[in-house]
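Throughout, protein chains are lettered first and strands after them, A, B, ... in sequence-line order, and every chain is numbered starting at 1. Hydrogens, waters and symmetry mates are skipped; everything else that's a heavy atom, side chains included, is used.
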2 protein chains.
Amino acid sequence: MPPAEEIESIIRAARLRVTRPRVAVLSAVHEHPHADTGTIIDAARTELGDLSHQAVYDVLQALTDAGLVRRIQPSRSLARYEARVADNHHHIVCRDCGAVADVDCAVGDTPCLTPSEAHGYTVDEAEVIYWGRCPACAAPSTTQHR
Amino acid sequence: MPPAEEIESIIRAARLRVTRPRVAVLSAVHEHPHADTGTIIDAARTELGDLSHQAVYDVLQALTDAGLVRRIQPSRSLARYEARVADNHHHIVCRDCGAVADVDCAVGDTPCLTPSEAHGYTVDEAEVIYWGRCPACAAPSTTQHR
DNA sequence: CGCGGAAACTTGAACGAGTCAAGTTTGGGT
DNA sequence: ACCCAAACTTGACTCGTTCAAGTTTCCGCG
């Protein structure tokens with residue numbers, strides 16, 4: 001969780017204008033890894049007071065384009081954002097509650113980045129999602145899952 | 001593209017009731033790999049005449065639960081379905097036009113199915129999506145991509 | 001230090017894939 | 001042939017996301 005000044009310089013370093021909404025949104029993404037848009041809107045409003053949802057969508061788009069955040073969207077889930085970028089890690093998603101956790105790659109730095117037959121496609125990224133159940137949902141009796 | 005009788009027996013073998021909507025939808029998924037829901041609805045209607053969109057959603061859900069089709073949903077894309085199941089293959093998605101192609105796994109049968117640290121999760125599937133550009137969109141001058 | 005313009009934000013309406021709910025039809029077991 | 005739970009129809013509705021028009025603000029430049 002970098003302090004506000006560091007957030008500012010991160011934004012500035014990406015050649016983006018520094019605005020209060022952008023600082024608030026980027027902070028929110030740092031503080032809430034894998035949060036969906038609604039959660040980010042709430043967190044940014046807590047920090048700023050008023051803020052339109054449209055601004056948050058715009059900011060997230062700008063930050064994504066600049067490579068400061070990454071957007072992930074597992075099936076049956078809303079869009080989620082994370083600030084861990086450019087370090088090649090992957091995700092485990094719980095089939096029941098949708099919780100997301102980070103996983104470092106199993107095989108070296110760029111796992112499976114070589115499809116056997118690419119059909120002429122130019123590949124630049126391999127995204128891996130592990131599906132399963134989180135500890136809470138896997139527990140048999142404690143909670144009635146879903 | 002199996003004939004109608006074979007589609008029927010596939011459905012019956014999964015202990016599902018055989019109905020005309022189900023046969024039409026499963027045929028459509030076989031005939032249009034990676035099609036989104038709208039395309040499947042159109043294809044099924046072409047075969048059947050009238051058919052409610054709700055029925056298609058129900059059928060796709062039932063077929064997915066039974067393991068007869070697989071649902072995939074790359075970021076920024078609608079839900080797509082395919083009939084190739086239980087053979088561990090993955091997908092290449094074009095960043096520009098959204099086209100999807102199949103890829104057999106690079107490393108053996110169950111690629112990367114072992115995350116380095118699973119955070120207590122029980123993992124049962126590893127889904128890999130390669131991101132890049134399809135031959136048409138990668139071509140520099142021919143088509144103005146997007 | 002203040003101006004100017006483009007980028008960023010606000011407001012409010014609209015879109016559309018997917019879901020919900022209530023009523024009717026139908027497959028297939030007894 | 002009967003029956004009923006499963007499957008389908010109809011139609012309204014939800015809500016994450018996008019679109020559009022107008023206003024504000026950041027920041028390079030003089």
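- Nucleotides of DNA chain C nearest to R76(A) and R20(B) differ in position, and the one nearer the 5' end is that of R76(A).
- Look at CG on L60(B): it is 14 Å from C1' on dT19(C), rounded to the nearest Å.
- Atom-to-atom, CZ of R22(A) to C1' of dT24(D) comes out at 14 Å; the value is rounded to the nearest Å.
- Each of T37(B) and V18(B) has a nearest nucleotide on DNA chain C; the 5'-most of these lies closest to T37(B).
- Atom CG of D58(B) and atom P of dA21(C) are 13 Å apart (whole Å).
- Between the side chain of R80(A) and the backbone N or O of H34(A), at least one donor-acceptor pair lies under 3.5 Å.
- Atom pair R17(A):CZ and dG5(C):P shows a separation of 13 Å (rounding to whole Å applied).
- Using a 4.5 Å cut-off on side-chain heavy atoms (C-beta onward), H89(A) and R84(A) make contact.
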Distances under 3.5 Å only, N/O to N/O: pair up the protein atoms with those of nucleotides 19-22 of chain D.
unit_1, atom_1, unit_2, atom_2, d
dC19(D), N4, Q54(A), OE1, 2.3

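- The backbone N or O of D102(A) lies less than 3.5 Å from a partner atom in the side chain of H119(B), making a donor-acceptor pair.
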Evaluate R70(B) against E125(B) for salt bridge (charged side-chain N to carboxylate O under 4.0 Å, His left out), listing each step before the verdict. CA-CA 12 Å; R70(B) 188 147 85 102; E125(B) 183 188 348; 3.1 Å; yes
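- In this structure, CD of Q73(A) is placed 13 Å from C1' of dG18(C), rounded to the nearest angstrom.
- Here the C1' atom of nucleotide dA8(C) and the CG atom of L63(A) are 13 Å apart, to the nearest Å.
- At distances below 3.5 Å, at least one donor-acceptor pair connects side-chain atoms of R22(A) with backbone N or O atoms of R17(A).
- Residue T19(B) is in sugar-phosphate contact alone, with no base atom involved, counting any heavy-atom pair closer than 4.0 Å across all strands shown.
- Salt bridge annotation for D124(B)-R133(A): absent, with no cationic side-chain nitrogen under 4.0 angstrom from a carboxylate oxygen.
- Looking only at distances, no side-chain donor or acceptor of S77(A) sits under 3.5 Å from a matching main-chain atom of Q73(A).
- dA8(C) atom P lies 16 Å from atom CG of L48(A), rounded to whole Å.
- Here dT10(C) is the nucleotide among dA17(C), dC8(D), dT10(C) with the atom lying nearest to any side-chain atom of L51(A).
- Between L16(B) atom CG and dG29(C) atom C1' there is a gap of 16 Å when expressed in whole angstrom units.
- Nucleic acid contact class of A79(A) (heavy atoms, under 4.0 Å, all strands): sugar-phosphate only.
- Distance from the side chain of S52(B) is smallest to dT9(D) among dG16(D), dT9(D), dT10(C).
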